[in-house]
Amino acid sequence: MRKRTKQMLALGLSAVMMTLSLAACGDSNPGGGKAETTDSEETISGDIRYAFWDAAQQPYLEQCVKEFNKIYPDIKVTLEPNVWDEYWTKLEAGATGGSIADVFWMNGPNITKYVKGDIVMPIDDLLAGSGLDTANYPEGLVNLYNIDGKQYAIPKDFDTIGVWYNKKIFDEAGVPYPTDDWTWEDMADIAKQLTKEDGSVYGIGAAYDTQIGIYNTIYAAGGEVISKDKKSSGYDKAETQAGVQCWVDLMEAGVSPNEASLEETLGYIQFLSGRLGMFWCGSWFLGQVLDSDMKDDINVVELPSINGKKATIIHGLGNCIYKDTKYPEASWKWVEFLAGEQANKLSAETGAALPALKGTAQVWVDKNPDYNLRSFITSSEEYSYPYPASVNTAEWEQYQADNLKRAFSLEVSVKEACEKAAKQMNEVLANE
């Protein structure tokens with residue numbers, strides 16, 4: 001599955017944009033109305049291109065095309081797989097030069113830029129006419145693709161964050177496994193118990209990270225990364241700073257490798273090599289766990305609460321339609337199919353991604369009963385927050401990283417780092 005923690009890259013659409021470094025055939029359809037044609041329905045045709053960046057999902061998408069063509073035999077769908085960097089380069093070139101895929105993947109940090117660049121088609125009228133119900137998808141994800149009151153994508157899949165842990169390390173330390181109702185204080189105490197004095201094992205990896213790290217604790221602590229109107233930074237708020245401080249406290253306590261170590265050898269690598277007892281990561285991490293020699297020693301649990309409150313960042317891909325596509329009706333039918341029950345169940349069954357349509361993710365859970373995967377669905381339904389983003393996300397995220405990494409490296413205080421980040425972020429946000 002895609003790596004959500006990877007630095008969001010590259011795009012520059014027009015003068016209004018700045019460069020950014022980062023399904024349903026069947027009688028019942030939880031997503032809404034039937035996608036099947038009827039004898040009275042006008043034949044729909046078209047030759048559409050579908051761009052995506054995760055080649056591992058191509059077998060799943062090929063199955064979707066096969067099933068889709070049983071319903072719409074006159075619509076040809078050409079799949080266009082790309083690697084991550086190449087994807088955004090091609091999308092940028094296509095957007096500025098006019099040659100762009102009819103339907104393409106989108107993520108939270110980029111959607112606002114493409115919408116402001118007048119590249120993406122709003123789909124509110126199409127949704128109303130189709131009978132698809134956005135209430136059948138995680139609210140946080142739907143909101144992620146709703147810009148200025150208009151909907152621009154239907155969620156394709158989603159991911160939330162959990163704490164993956166090494167049962168063998170817990171057993172050797174004589175520490176009980178964590179439970180879904182634990183607190184931050186519980187986790188910090190466990191991290192101390194798991195850490196070995198010789199440095200061979202640390203209780204947790206506490207590197208600076210956004211989606212799998214500080215963003216979750218910031219919202220759990222009652223803070224915010226950027227304001228709801230996307231006009232100001234939240235880093236000058238005490239609650240936001242508290243959400244960052246809890247991670248720096250772990251660094252100061254010596255229960256995590258230092259920031260330099262975790263930048264040199266990423267946390268997931270250290271975790272899968274048996275050096276970390278716990279590691280915060282997303283639902284997509286299951287694929288790497290299953291491919292590892294340690295798969296029988298690993299499980300996952302919900303994020304701990306902070307002062308009685310839980311929060312997880314929810315993110316996921318959306319399927320967007322190019323505003324000037326030559327085949328708007330055919331493009332919509334493809335998007336509609338991918339949003340429906342059949343395509344979502346295929347996603348779960350093939351392991352391509354955790355599907356966004358409510359009810360279909362349980363298939364993904366049932367395929368791997370040895371893991372507490374239900375925790376990811378619970379968090380999406382009960383305490384998820386959309387990935388914070390604005391027009392120039394990459395620019396202010398860079399200021400955020402430059403400052404907060406110094407706090408994680410114990411060079412400056414959290415307050416100093418956050419206040420400087422807030423000032424620089426506010427300058428970016430003011431110019432959007």
Side-chain angles (χ1 to χ4, degrees), residues 1-5 30 54 56-57 59-60 136-141 155-171 176-182 186-187 190 204-205 209 211-213 215-216 220 267-268 271-272 276-305 310-317 341 343-385 387:
M1 188 173 180
R2 74 192 107 9
K3 291 179 67 176
R4 305 276 192 201
T5 56
D54 186 359
Q57 292 200 37
Y60 152 70
N136 287 321
Y137 305 85
E139 182 180 6
L141 265 190
K156 170 190 173 293
D157 52 44
F158 78 90
D159 48 63
T160 52
I161 310 304
V163 183
W164 296 85
Y165 63 94
N166 186 319
K167 294 185 291 184
K168 185 176 180 181
I169 291 177
F170 274 73
D171 292 342
Y177 302 149
T179 57
D180 287 333
D181 61 351
W182 64 335
D186 294 332
M187 191 194 74
I190 289 172
I204 194 168
D209 206 298
Q211 185 184 359
I212 69 171
Y215 285 178
N216 305 277
Y268 81 93
F271 177 75
L272 292 177
L276 304 178
M278 296 177 287
F279 178 61
W280 286 43
C281 201
S283 45
W284 67 85
F285 192 50
L286 176 64
Q288 290 167 288
V289 169
L290 293 174
D291 287 340
S292 75
D293 295 334
M294 296 170 52
K295 63 182 180 181
D296 295 332
D297 296 325
I298 295 174
N299 207 340
V300 66
V301 68
E302 289 184 33
L303 299 183
S305 61
K310 288 189 175 187
T312 183
I313 292 299
I314 188 169
H315 188 251
L317 305 184
E341 184 177 27
N344 275 258
K345 283 186 173 180
L346 276 172
S347 179
E349 291 166 358
T350 60
L354 186 52
L357 180 63
K358 289 183 180 179
T360 59
Q362 189 61 40
V363 177
W364 179 79
V365 173
D366 293 342
K367 281 195 65 178
N368 298 281
D370 294 334
Y371 301 93
N372 181 29
L373 300 181
R374 180 70 199 177
S375 60
F376 291 109
I377 300 175
T378 299
S379 62
S380 74
E381 295 173 345
E382 297 183 4
Y383 51 88
S384 62
Y385 291 75
Y387 190 103

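Counting begins at 1 with the first residue of the sequence.
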Practice task
Count the heavy atoms of every other residue, nucleotide or ligand shown that sit under 6.0 Å from NZ of K167, and state whether that count exceeds 12.
Solution key: yes
Handout entry: Side chains of N368 and L290 in contact at under 4.5 Å (non-hydrogen atoms)
Key = yes
Problem - Exam field: side chain D297 to backbone K168, donor-acceptor pair closer than 3.5 Å - result: no
Practice task
With side chain to side chain contact (heavy atoms under 4.5 Å, CB included) as the test, would you mind laying out the steps for E302 and V163 before giving the verdict?
Solution key: CA-CA 6 Å; E302 289 184 33; V163 183; over 6 Å; no
Handout entry: Distance in Å, Y383 OH paired with N216 CG, rounded so as to fall on 0.5 Å steps
Key = 9.5 Å
Practice task
Answer yes or no: is there a side-chain heavy-atom contact under 4.5 Å between D157 and P355?
Solution key: no
Problem - E381 bridged to R374 by N-O distance under 4.0 Å - result: yes
Exercise for the section: List for me each residue that meets side-chain contact (heavy atoms from CB on, under 4.5 Å) alongside S380, sequence neighbours excluded, and say none if there are none. Expected result: F158, T160, I314, I377
Exercise for the section: Evaluate the side chain to side chain donor-acceptor pair (under 3.5 Å) criterion for residues Q57 and K156: first the C-alpha distance (whole Å), next the side-chain angles of each, then the deciding distance (0.1 Å), finally the verdict. Expected result: CA-CA 12 Å; Q57 292 200 37; K156 170 190 173 293; 2.7 Å; yes
Handout entry: Donor-acceptor contact below 3.5 Å, side chain N344 vs main chain L357
Key = yes
Practice task
Taking ring-ring contact (aromatic ring centres under 6.0 Å, His included) as the test, write out the residues that go with Y165, two or more places apart.
Solution key: F170, Y177
Practice task
Would you confirm whether S384, through its side chain, and I313, through its main-chain N or O, come within 3.5 Å as a donor-acceptor pair?
Solution key: no
Practice task
Quick one: pull up CD1 in I212 and NE2 in H315 and give me the separation to the nearest 0.5 Å.
Solution key: 14.0 Å
Exercise for the section: Find the distance between CG (D180) and OG (S375) and round it off to the nearest 0.5 Å. Expected result: 6.0 Å
Problem - pair Y385-T312: side-chain heavy atoms closer than 4.5 Å - result: no
Practice task
Under the side chain to side chain contact (heavy atoms under 4.5 Å, CB included) rule, what do L303 and K310 come out as? Steps first, then yes or no, please.
Solution key: CA-CA 7 Å; L303 299 183; K310 288 189 175 187; 5.7 Å; no
Problem - Aromatic plane relationship, Y215 with Y387 - under 30° parallel, 30 to 60° tilted, over 60° perpendicular - result: perpendicular
Completion exercise
Closest non-hydrogen contact found for A311 with A220 is CB-N, 3.4 Å
Problem - Distance (rounded to the nearest 0.5 Å) between E349 CD and Y60 OH - result: 10.5 Å
Handout entry: Separation between NZ of K295 and OH of Y371, rounded to the nearest 0.5 Å
Key = 7.0 Å
Exercise for the section: Output yes when a side-chain donor or acceptor of D186 lies under 3.5 Å from a complementary backbone atom of P178, and no otherwise. Expected result: no
Problem - Candidates W164, F285, Y268 - the one meeting ring pair (Phe, Tyr, Trp, His ring centres under 6.0 Å) with F279 - result: F285
Exercise for the section: Determine, step by step, whether F376 and D159 satisfy the side chain to side chain contact (heavy atoms under 4.5 Å, CB included) criterion, reporting the C-alpha distance in whole Å, the side-chain angles of both residues, the deciding distance to 0.1 Å, and the verdict. Expected result: CA-CA 7 Å; F376 291 109; D159 48 63; over 6 Å; no
Handout entry: Closest approach of M187 to P304 (non-hydrogen atoms, all atoms of both residues)
Key = SD-CG, 4.0 Å
Problem - Interatomic spacing from CD1 in I161 to OG in S379 - rounded to 0.5 Å - result: 8.5 Å
Handout entry: side chain to side chain contact (heavy atoms under 4.5 Å, CB included) evaluation trace for S305 with W182
Key = CA-CA 7 Å; S305 61; W182 64 335; over 6 Å; no
